[in-house]
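Single-structure report; data block below.
One-based numbering, in listed order, for ligands and for the atoms of each.
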Amino acid sequence: MSDAPTKQKLWGGRFTGKTDPLMHAFNQSLKYDQRMHAVDIRGSIAYAKSLTLVGILTNQEEAKMIEGLKAVGKEWEDGVFVPQEDDEDIHTANERRLSEIIGPLGGKLHTGRSRNDQVATDVRLWLLDEVKATESNLKALIRVLVERADNEKQYILPGYTHLQRGQPIRWAHLLLSYALSFRNDLDRLRQLVPRISVLPLGSGALAGNPFCVDRELLAKELGFQSVAENSLWGVADRDFIAEYLMWSSLVMVHMSKMAEDLIIYSTAEFGFVTLSDAYSTGSSMMPQKKNPDSLELLRGKAGRLFGNMAGFMMTLKGLPSTYNKDLQEDKEPLFDTVDNLSACLSIAEGVIATLTVHGEKMRAALTMDVLATDLADYLVRKGIPFRETHHVSGRAVALAEARQCQINQLTLADFKSLHKEFTEDIYKVFDFEASVERREAIGGTSKKMVERQIAVLRSALED
Ligand code: ARG
């Protein structure tokens, strides 16, 4: 094991002993927080400007400092930034490099600022950018579901409760039910933004900024909607991360439900859909296999993202006020969730876009018993109470079962033996298309109501 670096650390003034090498590595976050390099520079440029306004920097110093910060930023962008052993995190790395480029003037940048308000600012800025990307990924998934629904309104399949055949529904209705969950996720994501978009910078280490920097101007400069009203809160609040992780977990719950349905529907036993080769994989042993790995991973990632959320909540639990190093543990779960969620949304979009749908298999799965509710409703329309008609219909199902036939194969005499109100027109009930078309109240599976949902979702995608 090599020794920890011996050079003066940023905070080394009061130290005489060396850091244990394992501790040095343990403490270092640069390997993952370097992805915030651009927002860290943005925050520093804004801060430099605010220091000029309160007389800490002259205009020339500010210009030199901004030029230096931009040069550091460019090194990151060009992939030529050389991290040093002593760079504890992205903040120390950027400041160290700034001072190498512009000299001792670099040492003025951190006046009144702490890494505590700096890191909180960086994560918020970083996440705000990511939220925009997430939003567009989510919209793309909703769009593909809506487009498919619009193109495939003709397919009817059994709708299931308890995974038992229940009533006929349109395939489009099912797709739109997924889209609706994701539309609500889109709303919820937008509702998070005002709570992410709060400026901590100018909170200092914990007590506030003694040089009276104009925080409202800083917020404006950095595009924040508001300013943290309490410095203790400003350096410590990570609720916006917890919320984002909770939000992602919920998205993944929706994702896993859709994945689970499609996994079942893609089995040979159901055969309603076939996944495209692009989103399937084979088995190393069984040559015939085509596995829905994409969907299984979508389902599996739900557990991982929930884990990130639950783990981070445990990190927050019981922390004393203001900044504690535990909070450095916010980044890995956040980055992991953002990365995996983005992959999941894109994969789901691809899976849905390329799926083959087998309308005839869906049709073949429709047995007459899924019209038993419609049979009961037939008598309801003749004035018989539903509780009674439910029984009559149940007896018709039992009779057909005993005769080993479908309920529509019972004779009129059979029906009349079950209830005197049955007449010849009973056979019109046994029509799947008519059944779905009767569900014409808002939210139903009729064509008109499916079209209504499509319009609602399309307009949600517009804004
Ligand atoms: N790397 C740290 C983090 O991510 C930055 C803040 C460090 N602050 C401190 N007082 N040690 O939380």
Side-chain angles (χ1 to χ4, degrees), residues 4-5 7-15 17-20 22-44 47 72 76 81 83-98 107 109-130 196 198-210 228 231-242 244-245 308 311-339:
K7 267 195 359 248
Q8 169 93 3
K9 284 195 196 295
L10 201 83
W11 38 258
R14 57 104 58 234
F15 284 78
K18 282 195 289 181
T19 312
D20 175 85
L22 192 57
M23 172 57 199
H24 174 74
F26 189 58
N27 190 37
Q28 201 169 40
S29 55
L30 184 64
K31 54 190 172 297
Y32 51 84
D33 67 16
Q34 58 177 266
R35 64 192 286 176
M36 301 194 305
H37 64 80
V39 288
D40 191 69
I41 298 286
R42 252 166 76 195
S44 287
Y47 195 67
V72 178
W76 281 110
F81 187 98
Q84 302 297 307
E85 263 299 297
D86 245 346
D87 292 342
E88 205 174 288
D89 50 28
I90 184 61
H91 326 293
T92 51
N94 280 345
E95 193 184 325
R96 187 260 312 152
R97 187 67 191 126
L98 174 69
L109 175 62
H110 217 49
T111 312
R113 187 175 70 167
S114 157
R115 278 184 295 159
N116 299 353
D117 56 349
Q118 187 178 2
V119 69
T121 304
D122 287 6
V123 187
R124 285 173 185 271
L125 281 175
W126 182 86
L127 188 55
L128 284 169
D129 285 345
E130 290 302 322
I196 306 173
V198 183
L199 174 88
L201 198 58
S203 296
L206 73 156
N209 189 293
S231 60
L232 306 176
W233 181 91
V235 297
D237 178 70
R238 297 292 185 278
D239 292 356
F240 66 101
I241 296 179
Y244 184 85
L245 299 178
N308 285 341
F312 185 57
M313 291 294 278
M314 287 303 100
T315 298
L316 292 179
K317 183 205 164 291
L319 281 187
S321 281
T322 89
Y323 184 82
N324 298 271
K325 198 58 176 266
D326 316 46
L327 292 176
Q328 181 164 286
E329 289 296 306
D330 60 355
K331 284 166 214 71
E332 284 170 295
L334 177 63
F335 296 163
D336 186 70
T337 287
V338 166
D339 291 345

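- Here the straight-line distance linking atom OG1 of T92 with atom CG of L30 works out to 7.0 Å at 0.5 Å rounding.
- Residues L334 and V338 have side chains in contact (heavy-atom distance under 4.5 Å, counting atoms from C-beta outward).
- Using a 4.0 Å cut-off between charged side-chain N and carboxylate O, K331 and D122 make no salt bridge.
- Below 30°, between 30° and 60°, or above 60°: for W76 and H37 the angle between ring planes is below 30°, a parallel geometry.
- Only one option out of K31, R35, R115 pairs with D89 in a salt bridge (charged side-chain N to carboxylate O under 4.0 Å, His left out); it is R115.
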Any protein N or O within less than 3.5 Å of an N or O in ligand 1? List each pair with its distance, or say none.
{"unit_1": "ligand 1", "atom_1": "1 (N)", "unit_2": "S29", "atom_2": "OG", "d": "3.4"}
{"unit_1": "ligand 1", "atom_1": "1 (N)", "unit_2": "D89", "atom_2": "OD2", "d": "2.9"}
{"unit_1": "ligand 1", "atom_1": "1 (N)", "unit_2": "Q328", "atom_2": "OE1", "d": "2.7"}
{"unit_1": "ligand 1", "atom_1": "4 (O)", "unit_2": "K331", "atom_2": "NZ", "d": "2.5"}
{"unit_1": "ligand 1", "atom_1": "8 (N)", "unit_2": "N116", "atom_2": "OD1", "d": "3.0"}
{"unit_1": "ligand 1", "atom_1": "10 (N)", "unit_2": "N116", "atom_2": "OD1", "d": "3.1"}
{"unit_1": "ligand 1", "atom_1": "12 (O)", "unit_2": "Y323", "atom_2": "OH", "d": "2.4"}

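- A donor-acceptor contact shorter than 3.5 Å is absent between the side chain of Q28 and the backbone of H24.
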